Structures are given as C-alpha cells and as structure tokens.
Amino acid sequence: MTQPILRPGAGRASSAPLVGNESEPTLFEFSSPGRRAFSLRTTAIPALRADELIPAEHLRPDALELAEVSERDLVGHFTRLAHRQYSVDLGAYPLGSCTMKYNPKSCDEAAALRSFASVHPTTPVHAVQGWLQVLVELEEALCKITGMAAATLQPAAGAAGELTGLLLMRAYHEARGDNRTRVIIPDSAHGTNPASVTLGGYEVTTVGSDGRGFVNVDQLKGALGPDVAGIMLTNPNTLGLFEEDIVEVARLVHEVGGLLYYDGANLNPILGVVRPGDMGFDIVHMNLHKTFATPHGGGGPGAGPVAVSPRLADYLPGPRPVRDRSGSVGFSLELPPHSIGRVHSYYGNALVLLRAWTYIRLNGADGLRRVADMAVLNANWLRERLRGVYDFPYDRPVMHECVISVSTLKRTTGMRALDVAKRLLEFGFHSPTVYFPLIVDEALMIEPTETESPETIAALADALIDIAREAEREHAQGTQLTSSHAPTSTPVQRVDEARAARRLVSTYDARH
Amino acid sequence: MTQPILRPGAGRASSAPLVGNESEPTLFEFSSPGRRAFSLRTTAIPALRADELIPAEHLRPDALELAEVSERDLVGHFTRLAHRQYSVDLGAYPLGSCTMKYNPKSCDEAAALRSFASVHPTTPVHAVQGWLQVLVELEEALCKITGMAAATLQPAAGAAGELTGLLLMRAYHEARGDNRTRVIIPDSAHGTNPASVTLGGYEVTTVGSDGRGFVNVDQLKGALGPDVAGIMLTNPNTLGLFEEDIVEVARLVHEVGGLLYYDGANLNPILGVVRPGDMGFDIVHMNLHKTFATPHGGGGPGAGPVAVSPRLADYLPGPRPVRDRSGSVGFSLELPPHSIGRVHSYYGNALVLLRAWTYIRLNGADGLRRVADMAVLNANWLRERLRGVYDFPYDRPVMHECVISVSTLKRTTGMRALDVAKRLLEFGFHSPTVYFPLIVDEALMIEPTETESPETIAALADALIDIAREAEREHAQGTQLTSSHAPTSTPVQRVDEARAARRLVSTYDARH
Amino acid sequence: MPDFVPHTREDMDRMLKFLGLNSTDELFASIPAAIRLAGGLDLESGLSEADVAVELATIGAANLATGTGGTGLVCFAGGGAYDHEVPAVTRALAGRSEFVTAYTPYQPEVAQGVLEALFEYQTFISRISGLPISNSSLYDGSAALVEAVNLAVAETGSSRVLVSTGIHPRWRSVLATFAKGTGHQIEAVRLIDGVTDWASVTGNQAGCVVVGYPNYVGAIESLASARSLADRLGALLVVCQDPVSAGLLKSPGTGGADVVVGEAQAFGTSLSFGGPYLGFLACAERLVRRLPGRLVGETVDLTGKRSYVTTLRAREQDIRRERASSNVCTNETLMAVTAAIQLGWLGTAGIREIAIAGARAANYARKRFAEIPEIQFATAAPMFREFTLRLPIAASETIDLLLEEGYLAGIALKEGYEGTDLEETLLLAFTERRTKEEIDHFVAAVRKVAVR
Amino acid sequence: MPDFVPHTREDMDRMLKFLGLNSTDELFASIPAAIRLAGGLDLESGLSEADVAVELATIGAANLATGTGGTGLVCFAGGGAYDHEVPAVTRALAGRSEFVTAYTPYQPEVAQGVLEALFEYQTFISRISGLPISNSSLYDGSAALVEAVNLAVAETGSSRVLVSTGIHPRWRSVLATFAKGTGHQIEAVRLIDGVTDWASVTGNQAGCVVVGYPNYVGAIESLASARSLADRLGALLVVCQDPVSAGLLKSPGTGGADVVVGEAQAFGTSLSFGGPYLGFLACAERLVRRLPGRLVGETVDLTGKRSYVTTLRAREQDIRRERASSNVCTNETLMAVTAAIQLGWLGTAGIREIAIAGARAANYARKRFAEIPEIQFATAAPMFREFTLRLPIAASETIDLLLEEGYLAGIALKEGYEGTDLEETLLLAFTERRTKEEIDHFVAAVRKVAVR
Ligand SMILES: Cc1ncc(COP(=O)(O)O)c(C=O)c1O
Ligand SMILES: Cc1ncc(COP(=O)(O)O)c(C=O)c1O
C-alpha cells in the first residue's frame, strides 16, 4: 500500500488502525490546557479555598498535571488502543499454562450487578449475607473439586496462593516444633514456585525430570530428608503430562514428614476426573482466572484460593466466611484457631470469586467434567496433527496442553521457536508460550482449551505446519526465512527489547 | 507483507483482522450440526410434543435452520466483524447532513436502565409515570428549542416525521375544506423530502436555487398559488447556508394560504441561536439521532419528533402523553381533538427519546448553545483551510457544514469527489458525504460537528490538502493517481457495486 | 456541567481570529437579527452526569418494569412486544461501539462489519419468512405493514386493501393514518371465533389481502384461504408473521405469501416501552425492485475478495426522490444486527425451543384456566402462544388489579375491537421465560381478583 | 444447561477415532485408576444463564449496596475503599473485550493496546507519587506495601521494619502474615493525637520506615520527620499515599519518599466488596532493578516505529526464579487500564476537584459535628478528607443502627487499635459524591442514634 503522507501534527487527530498503521499518540499528546471530560455531582457544599481547609505547608505549590482531553478524545484514544490489542474474543489464544479459554459473557454481567459490585468491604456482616453466601458456596464447591476440607479465598492470584500455602506449611510444621528449611521443586516448575518458596523463608531444592518427563523419583529420594518441609508439584506438570508416580511421590514425601503442595493453576484437565486430595496433596492453590471464567484482563485480576486437607484447616487465613452456627444469621466470619492471619485486606478479589461461583453454577458437575474431557481431547488432537513436523520431546499422550519443540527445524532451517510464534500471529492466531518449560529446547507450549472448536484447532495445526513447510522451502531455496522477520502485518513489527532495557523510558516524562 | 498461506478450511477458524486481512466467513460457514449457544430458564412446564399443542397441518415439516454455533464462535465472529467497521468512537466521521458527533456514554447507560428499558408498552398509565414524565418534558424542551407549541414524539425517524408533518398539513387544509395538491421543494432538498411528499398524496414542485445558494425567490413566486399546500425547507439548507430570505419566503407562502415545513434533521447550528417558529415555520421535524445524542447504530434507530405551531396542535398524532389536568396522576394520555391518528404503534422510539432527554439535561441551555457555536466555528474553520485547494461553489460563510467541489481538480487531474472520499479513508478519517446536494458538481459535503477538536479538524484539512497535492503531483508526473484506486489498506478494497446489483445475492442461500 | 465540546477559550479565539471574526455571535451574521433568539433558550442549566443519573433513578422508580419474581412485574402481555430471553452475549456484542456509532454503510471499504451482519440478518429473515428477499430493517411492525401495502398497491395498481381484524389493532391504526396520504381504501374484514371471515369479502379485485399468522388474538389462521381470496381478487397476499412462530409453524412463504412482514423485537431487543423495535419485510424475488429500505448484497472487491455492499440503490429516496419506492432512510440497523446476533445465539435448536416453550406455557395456562368455570376462552381456534379470556370483570380492570399482585396481566382488547365480542377480553401471551410456578400463581391471582 | 464447549457428538467421535481411542475416559489412561474420581463431582447440575441470573438477583438482594438517596446506603466509609464517581465512559472503555480478554502482553506486536495504556498508567502514578518509576500494578494496597518493605529490606540489608500505626490496620496484618516467611521484624510505632510518634523509636539502624500520607485515621503526617528518622537509621522511607490527596497535597516524592505505595481503587474501580483493587508502587530511579512486578518501556520496532514492551524482565520470577525480586505474576492490569482511563477523564482539573471536594465535605461535616457537644473528635491533627469521632456509644453499634437509616456510617476502629485511645472511634470518609443534604441528614441521624 501507498503510505498516506501524514504531517507530524496529524498524530493528534483521529488516525484509525482500521485504515492505517500509524502509532497512536499517548493521551499526553492529545492534551490541551483547559480541555476537560469530567463532571461531578452538585453538592451545595461551601466552596472553601484549599488553604482554608488544609495548612498551607502541606499544599502542593503547582497543579498535578495529568492530561487535559475531551471525553471524545478519551474515547477515540482508548478505542484505537483496543483495536491494537489481540484478545480471546478476537481469536484463538493457545498460550500454554495460561488457559485462555472463552469466558461466558453472563459472568461479566454477574460481576457488574450493583447488588454485589457496589458493596463496601467493611459493611457489617448481617448486611452482606448475599456476598457471604456466594463465598461460602464457592469455597464448598472448590473443596469438592479438589477433594480438600476447607479453603481460603483471600489470595489475589496464583502466586499469592502459593505463598499463602507455603506459610500454611510453615505454620503447620512450626506448631509441631519442627523447623524445616527446604522445599523441593521439579525443574519443570513455573517460575512463581521457586520465587514463592524464597518468600516463604525456605530454600529451593530442585529435582530433575526423568526420561518420561516425570519427577525423577530417584533424585527425589536423594533430596528428601527431615529438613524438607514439602514439595511443590504441578500435576499435570508443565509438559502437560500427568505425573504417573504421584502416589509413590506422595508416600515418599509424607514419609519424611513433608507436605505436598499442588500448583493447581491449570485445573482444567482434572475437573471431575481426579482430585489433588485423592492424589495425596495437602495444599492446593487454584487460579480461578484460568479455569473458572475470569478473563485475564491483559494480565489480571485473578484469584488464587488455597484449599487444604483437614490437618491444615486450623491455620487458614481469616477471618473467613462460614455458615453461621449460632442461627441468628445465615453466614458469619470466623477466625481459624491457629490462623496465619490475613493475606488480603478484605475477602480476596471478590468480584472474581463471584464470576467463579457463577461459572460453576452454569456448568454444574457435568459441564465441568465436559470441560476436562474436551480440553484434553483438543490438546491431544492438535498434537497428533503436528507429529512428524515438530519434535515431540516427551512423546506421551498429554492432558490439557502439549509441549513441542522446534529443535530439528532450527538445526535444519535456522527457524527458532520465537520465529514460529511471531509468524503464527500473521495467520490470525496468538502465539503459544515459548521457551517454557525450561527443560525443553526451543519449546512451544500449546494449550488450545476446551472452548475452541475442532475447526479452529485444525486451522491452528495447519498454520503451524505451513510455517514449518515454508521455512523448509525457503531454506532449500536459500532465501531469507519469512518467519525470521515476521510479523510485518501487525500494528508494529518486532520490537527492540534490548533498547527498551538499555534506555529505560517507562513514563511519558522520561521520554524527553 | 507476505500473505500467509491459508488453507480453504482455515476460514472457519479464528482469523483476526488485527493480524491479517482475510474475509470473515458468515455465521453460516461456522455452523456445525448440533452445536449450540443458547440456554433457557428451567420452567417445569410439561414438555408436550408439538403435535400435542398445535394441529399437525400447521406444523413445519422440517427444522427452521438458522446456524449452529457455540457462544465462543458467535463472539469471535461478531468481534471480528466489529473490527472491520469504522465508527465515530474510532475517529472523525465528517459525513455532511449526518451530524456524526460523539455521543456521551452516559446516554447509553440511561437507555440501558432496567426501570426504563424493561417496561412493556401496554403497561397502564399509572404504572409508567416515570416514562410519561420523560416524554412530556422532552416534548416541552423540543418546543422551546424550536419555538413551537406542541409536538408528537411518535415518528421513528426523520422521514417518518416528514410524512407525519405532511399529513398534518393535509388535515389542516382539509379541515378548512381546502383541497390543495402541491408541495414546493427546493432542488437542494434531501431525498426524503420529495419521497415523503408523494406518500403524503401531494405533487412535488421543485424550485431552483439562486446564485447565492438560496431558494430562488422569483421562481418561488412563480410556483406559488392557491393549490400549494406548503413548502418544505431545510434551513440552514443542504449547502450549509442560512436562507437569508426566510422571512420573505414565509410571508409569500403564508400569503397563498400555504404552510411552511422545516426539515430540522440538522438542528445543531441553530440551537439557542434562532428558532424555526420565529422564522415563520408551522411544522418542524427533528432528527434526535443527529442532534441529540443517539449514535447512528450503523443506520438506525432514530427518532423524528414533529413540533407544530398552535394552529396545528389539534391535529397531532395521539394518544399523546400530557401533564394530567385531573390531578389523580401526574401524567396521562390524551387524544388531540382532530388527531390524524397513530403514526407509531406505541410512543415512538422511546429509548431514543430517553437519550435525547438525558442529553438535553446534561447540556442545558448553555451547553446547547455552545454546541451550535462550535459546530459552526469548526465548519467555517475547516472550510477556510481548504480555500484555494478545492472549489467553493457558493462562497459564503457557512453554518454547521460546508459543501466544496472537486470540479477543478477533476478537470486538471481527473480526480473525482469519490476518489477523494476513498483516499481519505487511508488517512484515518471517514469520508464526507459525496455527490450531495445534487446542485453542486463533484460535491463533498463536510460536517465536522462540534465534538471534534481543532487538532482533528486541522489534520482533516491537511489530509484533504495532501490528497489534492498528491493528485496534482501524480498527474504532472503522468503516473496513475493513487486516489483512483484507493483505498488499498482497508479490510476490502473498492467493491464491485455493479456486480452486486447485476447478480443479486442478498442472502447466504442465494450464494449457491 | 459536563462539556462535550473540546474547544478551550484559546482554541476558540485562535479559530475566530483565523476567520477574521471577533466573537462567535458573528458566525451567525447571515441570520437576520429580527428573528434571532434573544436571551438564549428557556431551559435549565446543564447538570453533571452524576446529577442526571440520580435524577433518572428517581424518575425511573415511578415505572413498573417487567422482571422475574421480586424484581419486577411478571409479564403476560405480548401483542407484538414480547418478554423473551436476552442473553448477556447479545447485549455485549450488539453494544460494541463499532456497531453503535457507525453511520449507514456508505463506504463499504470500512463498513464490512455492519454489512456482513445485515447480510446474515437478511438470510435469517428470508428463512423465517420463507421468502427469498429480505430488506435490512424498517422502523417496526406497523411501518413494515404500511410499506408492504404500498408495495402491493404499486405492484397491482389497485388501492383496495383488505385487512383482517386479526391484525394488530395499532398497526391497523397506523395503516389508516398513512392511508390518508396515499388514498388507499382500507377495508377491515371481521373475525369469527378468532379467525378471519374472508367469505364476507365481496367484489372482484383488490391490491392486497393482509392476514396475521398467527393473528393478534392468537389464532393460527389458514393461509390457504387467504391465498385463494388473493388469487381471486388479483391481489398480493401480505402476511404479518410472529417470527418466533417460525420455529414451529410452516413458513408463510410456503403458505403462499407474496410479502411477509412483522415485528422482530422478540430477537434480542428489550421491551423498551415500545421502541426502538425492528420491522422486517421479506418478499418474492419478482418484487425486489419495489422493495422498500436498504438491501445488502454480496460482491467482490478489486482484488476479488468477497465483500458486501448496499445494492439496488436506485429504489431509494436519495436517488429516485419523489418516485422512490419508499421514503425510508434511517432504519433500525442496530436492532437488525442485534437480531442477527440473537438468532445466532438461538440457532436451529433454540428457535424451535423458544417457539415450543411458548406454546407449552400457553397450553399449560389454558388448561389451568379451563379449571375455573367463571372464566371462558374468547375463541376456540388453534393457537400458538397467545389466547384471550373472557372474565367476570372487564379486562382493563383485571390488569389494574393484578399490577398490585406483581403481574402485567396481558392486554385488554379495546381499540380496534370496539363492538365485537372480543371487546374487553384479556389477551395473554407466553414465552420461554414463564415458569410453571409463575403461571400457577398467576392463574390463582386472576381468579382472586376477577372471580368474586 | 448452557454449553460453552463447542464439540458435538460427531466432533468428539471423529477426534477420538483419529487418536485411536474409543472414549473420552481413555484420554485419562495415564491417571492411576485407584485415584480417579468415581461417580463424578458432588455438585449440582448446571443451570441456564437465565436461571443463574434469577438466583443471583435473589442472593444479591441480601446485600446492602451503597448508592445515592433511595437507591442504596449513603457511604461514609473509606479506609482505602472509597465511593468515588465512576463515569459511564470509564465503564464503557475499560469493559472493551480487547482489554478484558487479553493475556499479559507477551507478544508486543499484537498487544500495543494494553502496553500503551499501562505506559500511560505508569506516567500517571509517577506524577501522583512524585517518583520517576512506577510498575504496572500489584494486587492491592496491602500487597504493594509488602512488596515495598521487601524491596527496602533487600536494598538496605536490614530487616527491621518500622511501621506507623497510622498505616491501614489490615495492611499491617497482611504485612505481619508475610513477615512470617521473610523473617522481617516489624515494629509498630504508636500515634499521638493521630500522628506518628517517631521520637519513640530507638536504635540506630533499620531497613525501612513506613508512614501513611494522609494516614489511616485521616491525619496529614509530616514526611520531613519520617525522612529524618529514615536518614538517621539508614532506612528507606516508604510512604503509603492516598493517591486522591495528590490533587491537593505535596507529593511524597518531593517529601523525600524512596518508595510510594498505595491503593488506587479510587480511580475507576467500584467498591467491589474489597476486590479486585489496584495496588500501586513507585520508586526512585536507583531502585528500579529491585522493582517488583511488570514494567512497560518505550522502544521502537524494526521499522523505527514507536512501540511499547515489558522491560527489565530479568527481575521477574519466570526468569530469575528463586532469586526474583518478587513472586508476582498475574497482577491487576485491567484495573490499571481502568485507572488510566479514569485519570484521563479526571485530568488536571478533575483530580484537584475531587481532592478538594472531599476535603470540603469533610470540613463541612466536621463543622456540623462540632455543633453536637456529646460528640468529640478523636484527633486534632490537620486532615485531608477523613476524621474520627468519639461517640457516646460504641462506633460499631452506631454503624449497625445507622444501616437502618440508610447509611454506611464509616468504619469502627478496632483491629490494629486495640487498647489505644482510638479503639471504637468512628472513622468517616468523604468524597466528591457526598452532598450537603446527605451530610446534614447524616449528622442528624448520627445524633439521633448515638446521643441518647
Ligand atoms: C503453573 C502455574 N503456576 C503458577 C502460576 C502463577 O499464577 P498467577 O499468575 O495467578 O500468580 C501460573 C500462571 O501464570 C501457572 O501457569
Ligand atoms: C436534511 C435531511 N432531511 C431528512 C433526513 C431524513 O432523516 P431520517 O434518515 O432520520 O429518516 C436526513 C437524514 O438523512 C437529512 O439529512
């Protein structure tokens, strides 16, 4: 296309992404002194001057400059930004370990209900019985799903859940006068696990994976000892494989007095199929924002409830909503006898919890099981279509996601996992997760989720195959790989990450 | 960019416009037997078979096939369609005569209020007092704005308002035993005016414009006579010019017993400045969807209330909401004594009327006047920036819009109004209205509206200037004009309109 | 007061200066001073968004909205305005600002979103009506009826219009109003036991015959008899269809309709106090050049890519002016897009499901009412999802009394049925949103207030 | 039951066949039979969207939500959760599905929307805090405080943490909980007349000093004295800022803060029963490599076009694992985008306007309460928009009684103030949404219930 000849000043006007690929200026560049969008209630309160209200020494000497734009420019700006943003609602988003499923729109409406969304968190208990009912019922449902005895809904995301779980572990051991110092983590673990272990005051001991992709039981045995507080496992692990030795692992860890922590960030494949409690786990965190209908919001909010076995229930954070035993109200708050204390200012990310409650009500037992079935079916079907084109490092049937490798293609054509990911964007799909788990070379971690249709999965597989074939063809022809500089049709092309770090400009004010 | 190699079946998956320019398949192409999105209330009503409910001869033998898609695919499809659609929220939309202003988002919320949106139109009067209050207050405000005595809110759009107005004209004359047959319309009139005249049972007499762009008063005098029921005028007219002889025109028409009809589709420039009633008009329709905050919805809905002078009030459609005189309720319904009857099944496009009420409350007298001031300032400022580049057929200061011509450029470079319009899309602006009014050769009718900032107007002017310069440069170089085949960066390029008409395919079923 | 106009004082001054003006008043110099408004508009000052929201909440509290138990009136009123399910997904998609804030798709290159959605809408309506051509929307059911009659009269050259009394009485009113302009002769044809008495029609020509399917009082009329009358008179058959019925009933197209019109509010639009609603109009292929309103057609772009565009534009007012097939310009596009989304949500199974659920609810309620000897059915004709009751007290009184019990208890037949045996009977309508519990309580409440 | 999974029976069979399987159960063959769940989940069956909506409406009716006169409780509670104006435009833009349904911007080429919005958010927070670096969100105020303390301890090497009792008591609880893992020694520093008694601090080193600005009980603390204490102890100064106060008060950055944290729910997020909220954290340039959470930076793409990308990623858990500066991964991006929109809506004039409106309302209410001899102010320190009352009856009882009058009458100080003179005093907060009329009626209602 012929580039329109835009003058510098034209950036301030309405360049629309639909019809051009210009950068969208920041809000600050739209700013013009005196312009405004806001209006406030008429209060009839005497309009005293600032220095009549507050001692002058505390007052700022200058105005706090934000931006001065009209409501119209505000809307234009953020609408144009939205048009530069890929999202689940636009197409498939097979990021492994992220469970980018489609979330029912009715959950959005639930979270917008005034009778829930406009409640102040300090409202007395008898005036928030509806909220407490939702929280208690959600806790009960999560316990049934995980096979645990009780749960806290306070943690605001998975990582917060992990740290909460580790503090529960610590409280449990300390209550028995047992000072343990290490927590075992497999090398395939998600990065939050080791980071949380450190914050929980433990040392990380890493154990490797065996040839099947499972925790190496021999290494584990060697690592276990009386100083081990517990082990953190993801199951299915980040290779998408169910840890077949889990019962043995549980036995070994329990034998040395350790606890088993289940990283349940990706609960999709086990819903109604198997429960962490039945595998022998003592502590489970869940990412409601993955499995239970909270869209990711570009990176959050989430909710990371932690469910525990009976022996840990007394340590849960509190106060926590419970069915009232006195009978005067339906629900009340209770502090568990050995509570570790609060891990959130209030009840956790309440509106996210309400979404999860709604999603569970909508799906019910059968619907949740169907989620598991189809999430796993999709992952395996996708994987099987890619056989022979990409490498299958641990070649076993997978659960909700699969990890493939670009190793051979890299050797033969020079194309890297990153190139595949970038090129895929031009086929109308978001990229898979790349270079994770760390134990797979040139990894592409693909989680199709249950909400994508077979037609979509087939098209995704076709696109991945086309990318491989393209690289082979181009390599054979000795031409530069298209994927090596893809994408070129996106709002921006590959960005200079090194420059961003080298010359940090993280605010508009730092630009100049 | 290198086109991704998409297989035919891949259209069924999630090709996203952000990252490719593929066509979006229709919903029917996503359909797969047995897939579903819907769910309904649990009613516990006995599930009788169809033939137990309705005589078999009435039952359809086959299923009514619509489409069978998941909620996820439904969302993906319509979100991708939305990303192929320009809109005010994305950028400036200077379509002349269409008043594509930015509409406050709070009006959307007003129209979504359950206490208004979920009311059945046959609910008894004493249970809809809130609605009637809004309707009566809106009628009063519109009368104050237009300088008229009473109004009907029933017409669903401008054209419906016109026809209603003409039927009022007819009823008025008939009531005095006066059978008139002709209605006068200037040649610059909007197409709905003559079409409405025909439906009103009148013949159209067209009068020309004079050199200033105004109704040719001499021609008008010649056209007037005792068989003239009235005249329909737009003022400012479709050239954006205020008819300076309006008082004289009114006198002339009234002299022969005719009525003056005001096409108030574009009320923006006269808000608080001048009122049709004071100009001598008897009937005024307004397009609330242009002036008063209803976004156009891709072509509707609208609302076209008609306000009248005292002598026409008794003919208004009814029943109509009024302040109750009995005192038992605040508001009631009343049938004007000589009502022409209903022109809408219920109260008109009520939620559109509620938006208008809200917009008027938000702006108030001062705000509305500011709308007029800035709409007119923007139009004149834009026009002045284009002087010397485009032709100014009737070179006078304008009101809310200006009509410029590509005549000279067409002669010198071959570039037509249509080409300018299409090329402008690539600069991130919607096109102006083209080839209207009919009395201007190669017309571009530009209405910037008051909600666009000077920066945006300047960028729009710059783009129009760049397009002219580009054509001159390319013509001088003897190369093909870029504008002649623009746009090329849009989701589709110029479409084959002739083919659409020749081989009519207006449904998916006609495709095959 | 909020300010939706971006211009600062400096902007204004700079712009005025560029134009050689000293004040905004001078912008209006071309308006004769004598008629200019002195003193500004006689309206209150503007209020903030928050102030207006508070005010609207107060005013809205004076409306009784429909809802489910506890949250509003349980709705048994229909008559062209139905309390159907609208899922969150329809609201979310139809509310997207790209659809909401676009104009009529004049520039197809940047309007494929609305155009393709309308193409889908037209396909849905064509299948529902059983006719190959559908326009892309009209104001509402009454407007669609008026347009259909105009089309038929233009096609046949006869302005005699035979309208069944089973047509929505308000639509008949609207038709009568507009006939004052067009000069059509509208003749009402009476109902006997809820079904049109076509046998009472005399003469041997007419422009069109208009029948409801099912009709306003709930009866499923025989299209065959209307069709044979139309044939005899050389008229077109215009059918007013309840589009929801298409999930269960034969389509009017297969029943011989030339034109099918109706109200499609049922597909995703809220009750909205009567508007904006969605008029649909479908017709036979041969009538396409008389079609009122916009029509979207498929075509290709310069590169051969599938595209959509408004087509056969020469029918329309902006081109044909006084000889246009209709004066319609702004229509109800957003509601048509909404309907396309909602019909996509319902799908093949869903449209049948809501149709049969309404029929089952009506059937169930009818059985419950049949147990009350003081209450009679006004007609015995086969029904789809609506029926009329004759009660010991007037229908309008019944409705008033039942408001207090939490019900919108239907529609009292009056206007359009004056002097017939249907006057002051109660028309009830049922949708998939009515539960057994609601109906049981409602029947009990009706007995309580009406049988004394 | 709705079905969000698209697979039809045929899809399933076809896919299973391709995999050589006979049933979905076989997909789970790798799970030992002994631990598989027999009999399915012990949950009820799924319900339709409409059923759940009806149920939620019923459950929600058991909550007393805030609102304006008649529509809900008039809210005088604050304490980090404020009843600020949220305009329709913020809801409309923040609710766009492109923002709502995106993941963390891992692929910047298709994530410029979220990235640029976060860049704007970071700019706003930097200006509000008066420090050059802001991350792109943390869970909430308490989480931001915990991260700031961790940062300070890591930077100074000292784990002694001095926390003013003027910090939100629940944030102090959360800090105490997480200190069990990190081993920080948290020391509470008491208030005297609402202001931190830094003079009571002994010793000569610490990792950080934490002060509220204004603090939880409403007082505007002197940052200078906290700063000089920090200097004396070699500690970092962490300020918990009410970001709304920045419209009127000096920024903590100019007051010497090394790290500023706080709760930014006030900027466009509803009260939400406490979450999701928005924790912010800003710091001095030299501390950027210890910054927890994501940071967006500006850069260019291959063609030199301005672009945004998450940067200094080596700080984060997915790269540095057990040596990461924090474990945070999912944060509160959508709330940060919301705040960027809301701050754009407020603008330079609006942030000052809401700040001064809150201060005026508090000042006005204070004068009204001063007229009631039985009611005392718990502190005399200068305030911004919150103050505490000592009433003849306990604050918690007052609140209960006033619920029935339609007020959420503030927060009763208990947790975190046990045994102090502030225990059972009533903390009141004021925003731009409180009118004179509401305050007048509220003061009268407080007198009615508390002065007997
Ligand atoms: C396996 C695993 N564990 C833990 C997490 C951390 O969860 P969050 O991002 O909610 O903190 C994630 C998500 O990114 C994950 O995939
Ligand atoms: C001058 C003028 N008159 C009449 C109309 C017709 O109004 P509507 O489209 O609402 O029927 C329009 C709008 O298109 C117009 O611009």
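Throughout, protein chains are lettered first and strands after them, A, B, ... in sequence-line order, and every chain is numbered starting at 1. Quick caveat, the model's predicted, so the values are computed rather than measured. Note that these values count all heavy atoms, side chains included, but never hydrogens, waters or copies made by symmetry.
Chain D forms the most heavy-atom pairs under 4.5 Å with one residue out of A/P104, A/A63, A/G302, and that residue is A/P104. In terms of heavy-atom pairs under 4.5 Å with chain A, the best-connected choice from D/D42, D/L73, D/V337 is D/D42. Comparing A/S196, A/P295, A/P124, A/A117 by heavy-atom pairs within less than 4.5 Å of chain D, the highest count is held by A/A117. Each of A/G299, A/G191, A/G201 has some count of heavy-atom pairs under 4.5 Å with chain D, and the biggest count is that of A/G299. The greatest number of non-hydrogen atom pairs below 4.5 Å with chain A, out of D/I399, D/D318, D/V5, is found for D/V5. Listed options A/G297, A/A195, A/S115 were ranked by heavy-atom pairs under 4.5 angstrom with chain D; first place goes to A/G297. When the candidates D/A246, D/A357, D/A61 are compared by the number of heavy-atom contacts under 4.5 Å with chain A, D/A246 comes out ahead. Listed options A/A160, A/P61, A/A510, A/P55 were ranked by heavy-atom pairs under 4.5 angstrom with chain D; first place goes to A/A160. Ranked by non-hydrogen atom pairs under 4.5 Å with chain D, the options A/L351, A/D278, A/V134 are led by A/L351.
A side-chain donor-acceptor contact under 3.5 Å links D/R360 to the backbone of A/L48. A/H120 contributes a side-chain N or O that, together with a main-chain N or O of D/A81, makes up a donor-acceptor pair within less than 3.5 Å. Although no hydrogens or angles enter the test, the distance criterion places no donor-acceptor pair under 3.5 Å between the side chain of D/T101 and the main chain of A/S87. Listed for the D/D301 side chain is no donor-acceptor partner under 3.5 Å among the backbone atoms of A/V492. For A/D89 (side chain) and D/S97 (main-chain N/O), no donor-acceptor pair under 3.5 Å exists by modelled atom type. When atom types are taken as modelled, the side chain of D/K180 and the backbone of A/I340 share a donor-acceptor pair closer than 3.5 angstrom. The closest donor-acceptor contact from the side chain of A/R369 to the backbone of D/G40 lies at 3.5 Å or more, if one exists at all. Checked by atom type and distance alone, the side chain of D/E322 never pairs as donor or acceptor with a backbone atom of A/P194 at under 3.5 Å. Within the 3.5 Å criterion, the main-chain N or O of A/T507 finds no donor-acceptor partner in the side chain of D/Q122. Of the possible polar contacts, one joining the A/R41 side chain to the D/R433 backbone as a donor-acceptor pair under 3.5 Å is found.
Atoms CG and OG, on D/L312 and A/S506 in that order, are 8.0 Å from each other to the nearest 0.5 Å. Taken to the nearest 0.5 Å, the CD atom of D/E437 stands 11.0 Å off from the CD1 atom of A/I45. One finds the OG1 atom of A/T198 at 11.5 Å from the CD atom of D/Q317 (value rounded to the nearest 0.5 Å).
Looking at D/L302, the atoms closer than 4.5 Å to chain A (heavy atoms on both sides) sit in the backbone and in the side chain alike. Proximity to chain A (any heavy atom under 4.5 Å) is shown, for D/E316, by neither the backbone nor the side chain. Only the side chain of D/L408 comes within less than 4.5 Å of a heavy atom of chain A; its backbone N, CA, C and O stay farther away. Heavy atoms closer than 4.5 Å to chain A are found in the side chain of D/S126, but not in its backbone. When heavy atoms are compared at a cutoff of 4.5 Å, D/A349 approaches chain A by way of both its backbone and its side chain. The part of D/S326 that comes within reach of chain A is its backbone (N, CA, C, O), which places non-hydrogen atoms under 4.5 angstrom from that chain. Only the side chain of A/I360 comes within contact range of chain D, with at least one heavy atom under 4.5 Å from a heavy atom of that chain. Interface residue D/T303: only side-chain heavy atoms are found under 4.5 Å from chain A. Neither the backbone nor the side chain of D/I319 comes within contact range of chain A; no heavy atom of the residue lies under 4.5 Å from a heavy atom of that chain.
Side-chain atoms of D/E98 and A/Y86, non-hydrogen and from C-beta on, never get closer than 4.5 Å to each other. Two residues are said to be in side-chain contact when any heavy atoms from C-beta on lie closer than 4.5 Å; A/L167 and D/F178 meet this criterion. Side-chain atoms of D/D400 and A/H126, non-hydrogen and from C-beta on, do get closer than 4.5 Å to each other. For the pair A/H344/D/R170, no side-chain contact is recorded, criterion being any heavy-atom separation below 4.5 Å from C-beta on. Side-chain contact between D/I133 and A/L504 is present, with heavy atoms from C-beta onward closer than 4.5 Å. Looking only at side-chain heavy atoms (C-beta outward), A/L377 and D/L19 come within less than 4.5 Å of each other. No side-chain heavy atom of A/T42 sits under 4.5 Å from any side-chain heavy atom of D/T435. Within the 4.5 Å cutoff, side-chain heavy atoms of D/R306 are placed close to those of A/R511.
Checking A/Q493 against D/K305 by side-chain atom types alone, no donor-acceptor pair falls below 3.5 Å. Between the side chains of D/D140 and A/S345, at least one donor-acceptor pair of N or O atoms lies under 3.5 Å. A donor-acceptor pair shorter than 3.5 Å can be found between the side chains of D/E120 and A/H77.
Under the ring-ring contact (aromatic ring centres under 6.0 Å, His included) criterion, A/H58 pairs with no residue, sequence neighbours left out. Judged as a side chain to side chain donor-acceptor pair (under 3.5 Å), and not counting sequence neighbours, D/R323 has no contacts.
Considering every non-hydrogen atom in both D/L43 and A/A365, the closest pair reads O-CB, 3.5 Å. Of all heavy-atom pairs between D/G79 and A/Y346, the closest is O-OH, 3.1 Å. Considering every non-hydrogen atom in both D/A77 and A/T122, the closest pair reads CB-OG1, 4.0 Å. Looking at every heavy atom in both residues, D/P108 comes nearest to A/K422 through CD-NZ, 4.0 Å. Looking at every heavy atom in both residues, A/R114 comes nearest to D/A65 through O-CB, 3.6 Å.
Between D/E44 and A/R361, at least one side-chain nitrogen of the basic residue sits less than 4.0 Å from a carboxylate oxygen of the acidic one, meeting the salt-bridge criterion. The existence of a salt bridge linking A/E65 and D/R127 is excluded, since no basic side-chain nitrogen approaches an acidic carboxylate oxygen closer than 4.0 Å. With salt bridges taken as basic N to acidic carboxylate O contacts below 4.0 Å, none links A/R494 and D/E109.
Note on ring orientation: taking the six-membered ring where Trp is involved, the planes of A/W381 and D/F18 are perpendicular (angle over 60°, cut-offs 30° and 60°). In this structure, D/F273 and A/W131 have parallel ring planes: the angle between them is below the 30° cut-off, well short of the 60° mark.
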Let's go through D/F124 and A/Y508 carefully: what are the C-alpha distance in whole Å and the side-chain angles of both, what is the deciding distance for ring-ring contact (aromatic ring centres under 6.0 Å, His included) to 0.1 Å, and is it a yes or a no? CA-CA 9 Å; D/F124 283 134; A/Y508 180 72; over 10 Å; no

